Amino acid sequence: MSQPFLIYNTLTRQKELFKPLTPDHVGMYVCGPTVYGDAHLGHARPAITFDVLFRYLTHQGYKVRYVRNITDVGHLEHDADEGEDKIAKKARLEQLEPMEVAQYYTNRYHEAMDRLNVLRPSIEPHASGHIIEQIELVQKILDAGYAYVSNGSVYFDVNKYAADTKQYGRLSGRVIDEMLSTTRQLDGQEEKRNTADFALWKKAAPEHIMRWNSPWSIGFPGWHTECTAMGTKYLGEMFDIHGGGMDLMFPHHESEIAQQTSVTGHGPCHYWMHNNMITIEGQKMGKSLGNFITLDEFFNGSHINPKDGKEMLAKAYSPMTIRFFILQAHYRSTVDFSNDALLAAEKGYSRLMQAFKTLRSLQPSKASSIDVKGYRQLCYDAMNDDMNTPIVISHLFDAAKAINTVNDHKATLTKEDIDELTSLFQTFVFDIMGLRDEASTDNTALIDGLMQMILDVRATAKANKDWTTSDKIRDSLGQLGIAVKDGKDGATWELK
RNA sequence: GGUCGUUUGGCCGAGGGGUUAGGCACAGGUCUGCAAAACCUGCUACUCCGGUUCAAAUCCGGAAGCGACCUCCA
């Protein structure tokens, strides 16, 4: 908390000094997944971005309440599936209860996020569990005069709101007049006074499975009410940070602001943060484009491109490779998926982990020949500049190089400096960026002992120039996925 | 069509008026029984055209390419 932390606020389009509304406390809301399919690489981006923010704020000493919702009510679909809820549609296809589908994909989402070492949020509210709150919100907007009932559905009066507040479009940089002429024909359009109006409550068609009672009709809540209702319930009418993907800026977040402002006179939060998209072959990876690769597919190393039937993944990529890959780009930049980029990330991640392992085996000297005390501040500076994790990583690579130089006896470090580096890695690599050493297991001590014994035997063989035995040991270990590396001070090993 | 953003070396990706980003790959070297790793050295780029400036990849103007949003989407 002592150092100024700048974050880019989408609302003002500039970096601003972060200052919580309540001293020492931070309220943060991030739009979570709609649970009707497996999480793909695109879902990992906001999860990891805001996980790092959550971790960093916590590290700075704030008490953070992090709310990330689960959307299990579903949104409207267009075209042939007019008015049908996405989850309901899937449920019918699979002959499952809608809530069963939602639960299944929620579990799958949790599993994938756990593997990515994404911390669970403080509260993970479900839209379906907050229908009453959403109905109350709609009623308040009606009472305020910014909504109207039409054929059992309730719509937000964007025109009136825009005229009164001059706010609509501020977040996304949109001009209301232009929107009126460009909005496409959608379901329920004839019920609206204006094409730009959006649904707050939707009357359910007879075949619609997910439905709730309300003062207006049996139906379901509109596209944007859950975040407003649940954000208010758990974080208050005004909280610190609201995050999500850039593609949610409009209409989702713009509408959230409108809903909240029409009731309270102000938007829901102080800072709006948006992560950029992950692209594949230059295009946004998205469910609707059908060009997404699920996280499980990355972990298992197989994804067939539906267009040409070709395998897209050169190999399996571990969760930490994915995490490192995402952290190597700034969260507001697009990042393009490619096997080359992932392969490079994998090696880079491994190099960092290996350096940390080497660090723990360094022999301290009486004096340090290199200065390693500056890295910490450089890393903080990078984090404080709108969470610039690529810069943090570049400094950590510098530190890794220093560690390796010392290991090669080309430089020396005192015990104090070695401890400082250990603490640096612990803080930034593990605590803040949330990486973990995938090679380590619960049996670390046992394996270390066994490996030491095996390497001793091999060292004896080598001393006797018994290359047959020494190579056999190395080859056998290699087959088990253990690489043996001979150095000046004897052999070391590493899981491949 | 409208709004916004982006264009960096073989690849990924920071930065952002004068100073080495970093990683991966590649080449040479040190070490080594061999290999791997590590270390050293090399490769030094900013789409194009104008302008401002002592100085522009960085600022301004224009063009082109690419992308996002305008519709559910992370």
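Worth saying up front: this structure is predicted, and the values here are computed from it rather than measured. Lettering of chains follows the sequences in order, A, B, ..., and the numbering in each one begins at 1.
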key: Value in whole Å for how far the P atom of B:G5 lies from CG of A:Leu171   = 14 Å
query = Starting at CZ of A:Arg332 and ending at P of B:U6, how long is that distance when rounded to a whole Å?
reply = 9 Å
note = Counting only Watson-Crick and G-U wobble pairs with both atom distances below 3.5 Å, the stems of 3 or more consecutive pairs that include RNA chain B are B:1-7 with B:64-70, B:10-12 with B:22-24, B:26-30 with B:38-42, B:47-51 with B:59-63
ask   = Between B:A74 atom P and A:Tyr105 atom OH, what is the distance in whole Å?
value = 14 Å
ask   = Which comes earlier along RNA chain B counting from the 5' end, the contact point of A:Arg13 or that of A:His43, where each point is its nearest nucleotide?
value = A:Arg13
query = Quantified in whole Å, what is the C1' atom distance between nucleotide B:U6 and nucleotide B:G15?
reply = 15 Å
query = Atom CD1 of A:Ile326 to atom P of B:C12: distance rounded to whole Å?
reply = 17 Å
query = Do A:Lys357 and A:Asp437 touch side chain to side chain, with heavy atoms closer than 4.5 Å?
reply = yes
query = Taking N and O atoms by type only, does the side chain of A:Lys410 place a donor or acceptor under 3.5 Å from a partner on the base of B:C40?
reply = no
query = Out of B:A38, B:C34, B:A68, which nucleotide sits closest to the side chain of A:Asp486?
reply = B:C34
Validation row: A:Phe397, A:Leu352 side chains within 4.5 angstrom (heavy atoms) = yes
key: Separation of the P atoms in B:U32 and B:G10, to the nearest angstrom   = 36 Å
message = Ring centroids only, cut at 6.0 angstrom: are A:Phe156 and A:Tyr168 within range, meaning strictly under it?
response = no
ask   = Which part of the nucleic acid, if any, lies within contact of A:Val484, taking any heavy atom under 4.0 Å across all strands shown: a base, the sugar-phosphate backbone alone, or nothing?
value = base
query = So what does A:Arg458 hit on the nucleic acid, given a heavy-atom distance under 4.0 Å: a base, only sugar-phosphate, or nothing?
reply = base
request  = Would you mind telling me which residue lines up with the more 5' stretch of RNA chain B, A:Phe325 or A:Pro33, judged by nearest nucleotide?
outcome  = A:Phe325
ask   = Checking only heavy atoms, does the side chain of A:Arg474 share a donor-acceptor pair with the base of B:A35 at less than 3.5 Å?
value = yes
Pairwise P distance for B:A14 and B:G22, with rounding to whole Å = 15 Å
query = Nearest-Å distance, CD (A:Glu494) to C1' (B:A38)?
reply = 11 Å
request  = Using the P atoms only, state how far B:C24 lies from B:C66, rounded to an integer number of Å.
outcome  = 33 Å
remark   = For nucleotides 14-26 of chain B, 5' to 3', base contacts (B), sugar-phosphate-only contacts (S) and non-contacts (-) with protein non-hydrogen atoms under 4.0 Å give SS-----BSSSS-
ask   = Which part of the nucleic acid, if any, lies within contact of A:Ile278, taking any heavy atom under 4.0 Å across all strands shown: a base, the sugar-phosphate backbone alone, or nothing?
value = base
query = Does the ring center of A:Tyr317 lie less than 6.0 Å from the ring center of A:Phe325?
reply = no
ask   = Are A:Phe428 and A:Tyr380 close enough that their ring centers fall under 6.0 Å?
value = yes
ask   = Touch check for A:Asp471, heavy atoms < 4.0 angstrom, all strands: base, sugar-phosphate only, or nothing?
value = base
remark   = The single option from A:Phe50, A:Tyr271, A:Tyr29, A:Tyr66 that satisfies ring pair (Phe, Tyr, Trp, His ring centres under 6.0 Å) with A:His242 is A:Tyr29
query = Is it true that a side-chain atom of A:Thr10 and a backbone atom of A:Trp272 form a donor plus acceptor pair closer than 3.5 Å?
reply = yes
message = Which nucleotide wins on minimum distance to the side chain of A:Phe250, given the candidates B:C70, B:G33, B:A36?
response = B:C70
Pair A:Lys315 + A:Glu346, salt bridge at N-O below 4.0 Å = yes
inquiry  = We want to know whether A:Ser150 and A:Glu191 form a side-chain donor-acceptor pair, criterion being a heavy-atom distance below 3.5 angstrom.
reply    = no
query = Taking atom C1' of B:A68 as reference, at what distance in whole Å does atom CG of A:Asn275 sit?
reply = 13 Å
Only pairs under 3.5 Å count here: list side-chain donor-acceptor contacts from residues 472-484 of chain A, not counting sequence neighbours, and write none if there are none.
residue  : atom : partner  : partner atom : Å
A:Arg474 : NH2  : A:Asp471 : OD1          : 3.4
A:Ser476 : OG   : A:Lys472 : O            : 2.8

ask   = Would you call A:Arg458 and A:Asp486 a salt bridge, taking side-chain N to carboxylate O under 4.0 Å as the test?
value = yes
message = With rounding to the closest Å, how many angstrom separate the P atoms on B:C4 and B:A74?
response = 26 Å
message = In this structure, how many angstroms lie between the P atom of B:C12 and the CD1 atom of A:Ile280, rounded?
response = 14 Å
task = May I ask you to say what A:Met246 touches in the nucleic acid, namely base, sugar-phosphate or nothing, with a heavy-atom cut-off under 4.0 Å?
result = nothing
task = Take the angle between the ring planes of A:Phe5 and A:Tyr56 and call it parallel below 30°, perpendicular above 60°, tilted in between.
result = perpendicular
request  = For A:Gly282, report the nucleic acid contact type (base, sugar-phosphate, nothing); a contact means any heavy atom under 4.0 Å.
outcome  = sugar-phosphate
note = note: A:Asp336, atom CG; B:U8, atom P; distance rounded to Å ~ 11 Å
query = When you compare B:C60 with B:A68, how far apart are their C1' atoms, in angstrom units rounded to a whole number?
reply = 25 Å
message = With a cut-off of less than 4.0 Å, is there a side-chain N or O of A:Asn404 near OP1 or OP2 of B:C39?
response = yes
ask   = When you compare B:G29 with B:G65, how far apart are their P atoms, in angstrom units rounded to a whole number?
value = 47 Å
ask   = A:His40 near the nucleic acid: base, sugar-phosphate alone, or nothing, with a heavy-atom cut-off under 4.0 Å?
value = base
request  = For B:A56 versus B:C49, give the span between their C1' atoms, rounded off to a whole number of Å.
outcome  = 15 Å
